[in-house]
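Numbered from 1 within each chain, the chains take letters A, B, ... in sequence-line order.
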Protein chains: 2
Amino acid sequence: MADIKSPPHGATKLTANPLFLRDEELRQAIEMLFFAYRDFTGVADEILADYGFGRAHHRAIYFIGRHPGMTVSDLLRILRITKQSLNRVLGQLIEEGYVSQQKGVQDRRQRLLRLTDKGRALEERLSAAQRTLIAGAYREVGAESVEGFRKVLLGIMGNEEDRERFERLLPPRR
Amino acid sequence: MADIKSPPHGATKLTANPLFLRDEELRQAIEMLFFAYRDFTGVADEILADYGFGRAHHRAIYFIGRHPGMTVSDLLRILRITKQSLNRVLGQLIEEGYVSQQKGVQDRRQRLLRLTDKGRALEERLSAAQRTLIAGAYREVGAESVEGFRKVLLGIMGNEEDRERFERLLPPRR
DNA sequence: CATATAAGTCAACATGGCTGACATAAAATC
DNA sequence: GATTTTATGTCAGCCATGTTGACTTATATG
């Protein structure tokens with residue numbers, strides 16, 4: 001037991017095994033992502049509960065708000081869920097007046113999605129809660145740290161297409 | 001259409017509204033968290049599917065591996081789910097030999113939870129996939145960025161108790 | 001005209017949250 | 001020693017949100 005847990009004696013303090021440290025650092029990152037994401041979604045979940053909505057509704061509202069006039073296929077591609085799953089929540093959002101549909105002009109098979117005023121109000125409430133949370137975190141750290149945070153998140157994103165959405169705001173850096 | 005999408009002409013480049021930029025920065029953070037977390041869990045989900053397990057199993061395995069000998073109550077407190085929800089997955093993990101239970105010594109009502117060898121093997125597989133993903137992201141950026149990433153995630157975590165788990169590895173910085 | 005595509009629908013099923021009610025064993029308290 | 005509290009587990013049922021598969025309708029495109 002003891003011989004497994006403790007690294008070889010003597011050199012421990014000064015030459016702490018870099019492989020162990022690296023591993024521990026990575027494990028901490030995993031755990032921090034879990035807790036941070038839980039709290040991040042938590043602030044929105046509380047609001048959604050007032051409306052009888054869930055996270056699925058939030059995601060739809062978020063992306064429609066972000067890309068007004070997007071098609072149903074666009075939304076499916078971003079969310080990576082099935083049409084049937086999406087239609088359950090999208091149907092509710094449309095019926096309850098949070099999202100409007102409009103036939104496409106070039107392609108009239110498409111239904112272009114937009115938030116109504118009511119939808120925008122909800123989106124703003126949800127987004128404000130999450131932005132406040134993140135703004136608080138950003139405020140406590142320097143601009144460097146914020147940039148580091150962004151870079152690491154970009155690195156975690158596997159999909160090149162997703163990544164491209166974010167390369168715009170900040171300078172290319174190459 | 002066009003007048004909605006484009007910001008007012010002329011002054012955009014040089015005097016870009018700092019409030020708008022801040023807002024856009026925060027909105028991007030929200031979106032990046034969504035995509036990064038989706039991919040982060042995605043690499044584990046693929047493995048879990050091989051075992052017929054879901055994310056709930058993963059979380060239990062993860063925290064039991066991280067805190068061997070923890071009690072059921074401890075786990076409930078970390079996961080913030082109900083006993084009934086936990087027992088559904090924990091029961092499977094125990095029955096299929098991934099987790100062992102052992103009566104507490106001081107308090108024999110407690111069931112101390114540990115991964116079996118089989119459980120540790122699965123934990124290692126899952127963790128390795130996620131660590132690889134994060135290691136890749138860490139490798140592309142500097143140590144500064146990693147530190148910034150950690151700081152921002154800590155700032156997002158509301159709960160002081162959760163936060164304390166992470167203040168150990170890195171220097172206090174005050 | 002034939003085929004492909006965008007969207008929607010119905011039905012059935014799985015996972016993993018939840019509530020509420022209750023049981024058992026062991027610890028803690030009066 | 002009797003009572004109460006705590007740690008754990010269990011049964012039953014509900015809800016949200018994901019899945020697959022089959023099929024329809026309208027429209028675009030070759």
Side-chain angles (χ1 to χ4, degrees), chain A residues 34 37-38 41-42 44-64 69-96 99-114, chain B residues 34 37-38 41-42 44-64 69-96 99-114:
Chain A
F34 170 74
Y37 198 76
R38 186 183 62 181
T41 52
D45 289 345
E46 285 174 28
I47 296 168
L48 289 160
D50 290 353
Y51 294 75
F53 291 151
R55 273 186 210 177
H57 301 86
H58 186 187
R59 290 194 285 267
I61 286 174
Y62 181 85
F63 285 106
I64 295 169
M70 77 190 307
T71 67
V72 173
S73 316
D74 291 339
L75 191 49
L76 285 173
R77 215 169 301 121
I78 289 184
L79 296 178
R80 291 197 199 154
I81 58 176
T82 58
K83 192 174 41 169
Q84 296 90 324
S85 283
L86 176 59
N87 257 24
R88 197 155 34 198
V89 300
L90 194 53
Q92 278 179 274
L93 290 173
I94 291 167
E95 188 172 341
E96 301 184 29
V99 169
S100 72
Q101 278 180 320
Q102 184 190 349
K103 286 197 179 178
V105 277
Q106 311 107 320
D107 188 337
R108 283 183 358 205
R109 289 171 304 179
Q110 297 177 334
R111 299 296 127 90
L112 309 183
L113 303 171
R114 283 186 174 76
Chain B
F34 171 73
Y37 198 76
R38 187 183 62 182
T41 53
D45 290 344
E46 284 174 28
I47 296 168
L48 290 160
D50 290 352
Y51 294 76
F53 291 151
R55 274 188 209 175
H57 301 87
H58 186 187
R59 290 193 285 266
I61 286 175
Y62 181 86
F63 285 106
I64 294 169
M70 78 191 306
T71 66
V72 173
S73 315
D74 290 339
L75 191 51
L76 285 173
R77 214 168 302 121
I78 288 183
L79 297 178
R80 291 196 199 157
I81 59 175
T82 59
K83 191 175 43 168
Q84 295 92 324
S85 286
L86 175 59
N87 258 25
R88 198 157 33 198
V89 300
L90 193 53
Q92 276 178 275
L93 291 172
I94 291 167
E95 188 172 343
E96 300 183 29
V99 169
S100 72
Q101 278 179 320
Q102 186 191 347
K103 287 196 178 180
V105 277
Q106 310 109 320
D107 187 336
R108 287 183 355 209
R109 289 170 305 180
Q110 296 177 335
R111 298 297 127 90
L112 308 184
L113 303 171
R114 283 187 174 75

field: Distance, rounded to the nearest Å, where B:Q101 contributes CD and C:dA25 contributes P
entry: 16 Å
- line: A:V89 and A:A56 have their tightest heavy-atom pair at CG1-CB, 3.7 Å
query: Rounding to a whole Å, what distance do you find between B:R77:CZ and D:dA7:C1'?
result: 11 Å
message: Please confirm whether the shortest side-chain N or O distance from A:K103 to OP1 or OP2 of D:dT27 is below 4.0 Å.
response: yes
statement: Between CZ of B:R80 and C1' of C:dG16 the distance, given in whole Å, is 18 Å
task: Carefully, step by step, assess A:T71 and A:L112 under the rule side chain to side chain contact (heavy atoms under 4.5 Å, CB included).
output: CA-CA 5 Å; A:T71 67; A:L112 309 183; 3.7 Å; yes
message: Could you report the tightest heavy-atom contact between A:I81 and A:L76, atom names first, then the distance?
response: O-CD2, 3.5 Å
message: How many whole angstroms separate atom CG of B:L75 from atom P of D:dA7?
response: 15 Å
task: For A:Q92, report the nucleic acid contact type (base, sugar-phosphate, nothing); a contact means any heavy atom under 4.0 Å.
output: nothing
- prompt: Does the side chain of B:Q110 come within less than 4.5 Å of B:V72's, by heavy atoms?
  reply: no
query: Between atom CG in B:D45 and atom C1' in C:dA14, what is the gap in whole Å?
result: 14 Å
query: If each of B:L86 and A:V72 is mapped to the nucleotide of DNA chain C with the nearest heavy atom, which maps nearer the 5' terminus, i.e. the 5' end?
result: A:V72
Ring geometry between B:H57 and B:F53 (parallel below 30°, tilted from 30 to 60°, perpendicular above 60°): parallel
- prompt: Which distance, rounded to the nearest 0.5 Å, do you find between the CD1 of A:I64 and the CD of A:Q101?
  reply: 9.0 Å
- prompt: Near DNA chain C, which residues from residues 46-58 of chain A have a heavy atom under 4.0 Å away?
  reply: none
query: Mapping A:D107 and A:S85 onto DNA chain D by nearest heavy atom, which one lands closer to the 5' end?
result: A:S85
- line: Nearest heavy-atom approach of B:R38 to A:I78 is NH1-O, 2.6 Å
B:R109 CZ to D:dT4 P, straight-line distance once rounded to whole Å: 16 Å
message: What contact category does B:N87 fall into here, base, sugar-phosphate, or nothing, at under 4.0 angstrom with non-hydrogen atoms?
response: base
query: Roughly how many Å is it from CD in B:E95 to C1' in D:dT10, rounded to a whole number?
result: 14 Å
- prompt: Where is the tightest heavy-atom contact between A:H58 and A:L48, given as atom of each residue plus distance?
  reply: CB-CD1, 3.7 Å
- request: Would you state whether a donor and an acceptor, one from the side chain of B:Q84 and one from the base of C:dG16, lie under 3.5 Å apart?
  value: no
query: What nucleotide, of D:dG18, C:dG17, C:dA6, holds the atom closest to the side chain of A:R88?
result: D:dG18
task: Let me know the distance between NZ of A:K83 and C1' of C:dT9, rounded to the nearest Å.
output: 9 Å
- request: Tell whether B:R111 reaches the base of D:dG9 with its side chain through a donor-acceptor pair below 3.5 angstrom.
  value: no
query: Hey, is the side chain of A:R108 pairing donor to acceptor with the base of D:dT27 inside 3.5 Å?
result: no
task: Indicate whether OP1 or OP2 belonging to C:dG17 is found under 4.0 Å from a side-chain N or O atom of B:T82.
output: no
message: Just N and O in the side chain of A:R59: are any of them under 4.0 Å from OP1 or OP2 of D:dG18?
response: yes
